[in-house]
S.K.: 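Pasting a structure here, questions to come.
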Amino acid sequence: MTSDIIEEIVQDLQKYTISLLKGIKPVQFEIRINPNIKLGSLDSGDTSISEAIESIFVNLEYFTMKWHDNLFEVNYKLDIADSIHAIILMLDSIKKKEGYHKIIFPSDHFFEAWECRLDGEVIHIKWLDEDALTDISIESQLFIDEWIKLLVQLRNCILKSGYNNSMLVDFHLLENLERFCG
């Protein structure tokens with residue numbers, strides 16, 4: 001191959017790469033579940049999914065939440081056990097296309113508040129307690145899908161630990177997660 005042909009191929013590849021990159025939006029929000037969690041044991045006195053989460057997850061088990069370029073470690077036991085109902089309520093609100101929703105994560109470690117506003121198929125979220133964090137705008141279904149990864153993992157861990165829907169009065173909230181899809 002002559003250097004002219006090689007140079008032409010390189011230029012074509014550069015043009016192609018640039019045109020591809022123009023269509024790519026950076027990920028604004030992502031939940032990275034921890035696939036290597038160690039589960040504790042069932043507590044027969046548990047009556048809710050929050051209590052079950054507190055029982056089966058050990059203190060050092062985290063997943064990562066990405067908000068623009070910021071990564072937050074969120075503890076399954078300490079943060080999600082306290083917030084599970086608020087998360088599901090938020091997803092229900094988005095799915096029902098309610099225009100505005102405020103979510104408060106009530107845990108001691110991750111005590112945060114978000115203001116969610118729907119605009120068609122896009123959700124705009126402002127992190128109320130963190131002035132330094134940029135708001136995000138994301139397709140509402142993509143946002144829901146990120147949370148579904150976590151909810152599916154929680155449901156599977158609860159079932160794997162021996163709980164079932166007759167033991168936990170609110171287990172129905174983790175059943176039929178397909179209601180949030182598409």
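Only heavy atoms go into these numbers, but all of them, side chains included; no hydrogens, no water, no symmetry mates.
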S.K.: Kindly indicate, with the supporting measurements, whether the criterion side-chain contact (heavy atoms from CB on, under 4.5 Å) is fulfilled by W147 and I31.
M.R.: CA-CA 7 Å; W147 284 106; I31 291 179; 3.4 Å; yes
S.K.: For residues L39 and F57, determine if any side-chain heavy atom of one lies less than 4.5 Å from a side-chain heavy atom of the other.
M.R.: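 When only atoms from C-beta onward are counted, F57 and L39 do touch, with a gap below 4.5 Å.
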S.K.: According to a 4.5 Å side-chain heavy-atom criterion applied to Ile, Leu, Val, Met, Phe, Trp and Tyr, with indirect links allowed, do I53 and L42 form part of one hydrophobic cluster?
M.R.: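 I53 clusters together with L42.
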S.K.: I want to check something: taking the side chain as every heavy atom from C-beta on, are L91 and K95 in contact at a cut-off of under 4.5 Å?
M.R.: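 Sidechains of K95 and L91: no contact.
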S.K.: Under a 4.5 Å side-chain heavy-atom rule over Ile, Leu, Val, Met, Phe, Trp and Tyr, are F72 and L78 clustered together?
M.R.: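 Different clusters.
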S.K.: Could you list the residues that satisfy side-chain contact (heavy atoms from CB on, under 4.5 Å) with E178, not counting sequence neighbours?
M.R.: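 For E178, the residues satisfying side-chain contact (heavy atoms from CB on, under 4.5 Å) (neighbours in sequence not counted) are N176.
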S.K.: Between A52 and L168, which heavy-atom pair has the shortest distance, and what is it?
M.R.: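 The pair with the smallest heavy-atom distance is CB-CD1, 3.9 Å.
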S.K.: Would you sort out whether Y100 and L118 count as a side-chain contact (heavy atoms from CB on, under 4.5 Å), showing the intermediate values?
M.R.: CA-CA 6 Å; Y100 175 85; L118 277 174; over 6 Å; no
S.K.: Within this structure, what is the NE2-CD1 distance for the pair H172 and I49, rounded to the nearest 0.5 Å?
M.R.: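 The NE2 atom of H172 sits 8.0 Å away from the CD1 atom of I49.
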S.K.: Do I37 and Q153 have side chains that approach each other closer than 4.5 Å (heavy atoms only, starting at C-beta)?
M.R.: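 They are in contact (side-chain heavy atoms under 4.5 Å apart), so the answer is yes.
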S.K.: Going by heavy atoms in the side chains, are I136 and W127 under 4.5 Å from each other?
M.R.: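 In short, these two side chains do not touch, never coming nearer than 4.5 Å.
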S.K.: With clusters defined by side-chain heavy atoms of hydrophobic residues (ILVMFWY) lying less than 4.5 Å apart, directly or transitively, does L150 cluster with L174?
M.R.: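 Linked within one cluster.
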S.K.: Determine whether F63 and K149 make a side-chain contact, defined as any pair of heavy atoms from C-beta on separated by less than 4.5 Å.
M.R.: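 Not in contact.
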S.K.: What distance do S83 atom OG and I88 atom CD1 have between them, rounded to the nearest 0.5 Å?
M.R.: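 Here the interatomic distance stands at 11.0 Å.
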S.K.: Indicate the atoms forming the closest heavy-atom contact of Y163 with S55, along with that distance.
M.R.: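 It is OH-CB, 3.6 Å.
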S.K.: Does any part of the side chain of R179, heavy atoms only, come nearer than 4.5 Å to the side chain of L177, both counted from C-beta?
M.R.: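 A side-chain contact under 4.5 Å exists here.
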S.K.: Quick check for you: to the nearest 0.5 Å, what is the distance between N34 atom CG and E61 atom CD?
M.R.: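 One gets 5.5 Å once the value is rounded to the nearest 0.5 Å.
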S.K.: Look at K97 together with E121 and state whether they make a salt bridge at an N to O cut-off of under 4.0 Å.
M.R.: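 A salt bridge links K97 with E121.
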S.K.: About how many Å separate CD1 of I144 and CD1 of I123, when rounded to the nearest 0.5 Å?
M.R.: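 Nearest 0.5 Å value for the CD1-CD1 distance: 7.5 Å.
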S.K.: Tell me whether D69 at atom CG has more than 12 heavy atoms from other residues, nucleotides or ligands lying less than 6.0 Å away.
M.R.: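 At most 12 heavy atoms, drawn from other residues, nucleotides or ligands, come within 6.0 Å of this atom.
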S.K.: Minimum heavy-atom separation for H85 and D170, please, with both atom names.
M.R.: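 Taking H85 first and D170 second, the nearest heavy atoms are NE2-OD2, 2.6 Å.
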S.K.: What's the shortest heavy-atom distance between G40 and S161, and which atoms?
M.R.: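 Minimum heavy-atom contact is O-OG, 4.2 Å.
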S.K.: Whether E30 and R32 form a salt bridge (side-chain N of Lys/Arg under 4.0 Å from carboxylate O of Asp/Glu) is what I want to check.
M.R.: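 Here R32 pairs with E30 in a salt bridge, since their nearest N and O are under 4.0 Å apart.
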S.K.: Any sub-3.5 Å donor-acceptor pair from Q141's side-chain atoms to F180's backbone N or O?
M.R.: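 Judged by distance alone, yes, a pair lies under 3.5 Å.
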S.K.: Quick one: do I87 and L89 end up in the same hydrophobic cluster if we chain Ile, Leu, Val, Met, Phe, Trp and Tyr together by side-chain heavy atoms under 4.5 Å apart?
M.R.: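 Each belongs to a different hydrophobic cluster.
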S.K.: Please determine whether residues V122 and L142 belong to a single hydrophobic cluster, defined as Ile, Leu, Val, Met, Phe, Trp and Tyr linked transitively by side-chain heavy-atom distances below 4.5 Å.
M.R.: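 No: no chain of side-chain contacts under 4.5 Å links V122 to L142.
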S.K.: Among I158, L151, L159, which residue meets the side-chain contact (heavy atoms from CB on, under 4.5 Å) test with R155?
M.R.: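 Of all the options given, the one that passes is L159.
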S.K.: Evaluate the side-chain contact (heavy atoms from CB on, under 4.5 Å) criterion for residues I94 and H101: first the C-alpha distance (whole Å), next the side-chain angles of each, then the deciding distance (0.1 Å), finally the verdict.
M.R.: CA-CA 8 Å; I94 295 167; H101 183 79; 6.0 Å; no
S.K.: Would you name the heavy atoms of M167 and G162 that are closest together and state the gap between them?
M.R.: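 For M167 versus G162, the nearest heavy atoms are SD-O, 3.6 Å.
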S.K.: Kindly give the heavy-atom pair with the smallest separation between D135 and K126, and that separation in Å.
M.R.: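 That closest heavy-atom pairing would be OD1-CG, 3.5 Å.
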S.K.: What residue among D79, N70, L71, V74 forms side-chain contact (heavy atoms from CB on, under 4.5 Å) with M65?
M.R.: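 For M65, the side-chain contact (heavy atoms from CB on, under 4.5 Å) check succeeds only for V74.
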S.K.: Would a distance-only check, ignoring hydrogens and angles, find a side-chain to backbone donor-acceptor pair under 3.5 Å from E112 to F105?
M.R.: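 Not at all, since once roles are kept as given, no pair shorter than 3.5 Å links the two residues.
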S.K.: Treating S50 as the side-chain partner and A81 as the backbone partner, does any N or O pair qualify as donor plus acceptor under 3.5 Å?
M.R.: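 Yes; at least one donor-acceptor contact below 3.5 Å.
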S.K.: For the CD atom of E54 and the NZ atom of K77, what is their distance to the nearest 0.5 Å?
M.R.: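 Going from the CD atom of E54 to the NZ atom of K77 covers 7.0 Å.
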S.K.: Using 30° and 60° as the class boundaries, would you call the ring planes of F29 and W67 parallel, tilted or perpendicular?
M.R.: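 Rings of F29 and W67: perpendicular, over 60°.
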S.K.: Measure the spacing between CD1 of I56 and SG of C157 and express it to the nearest 0.5 Å.
M.R.: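 I56 CD1 to C157 SG: 5.5 Å, rounded to 0.5 Å.
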S.K.: Working note: I125 + F143, criterion side-chain contact (heavy atoms from CB on, under 4.5 Å); need CA distance, chi angles, decisive distance, verdict.
M.R.: CA-CA 10 Å; I125 305 170; F143 182 74; 3.3 Å; yes
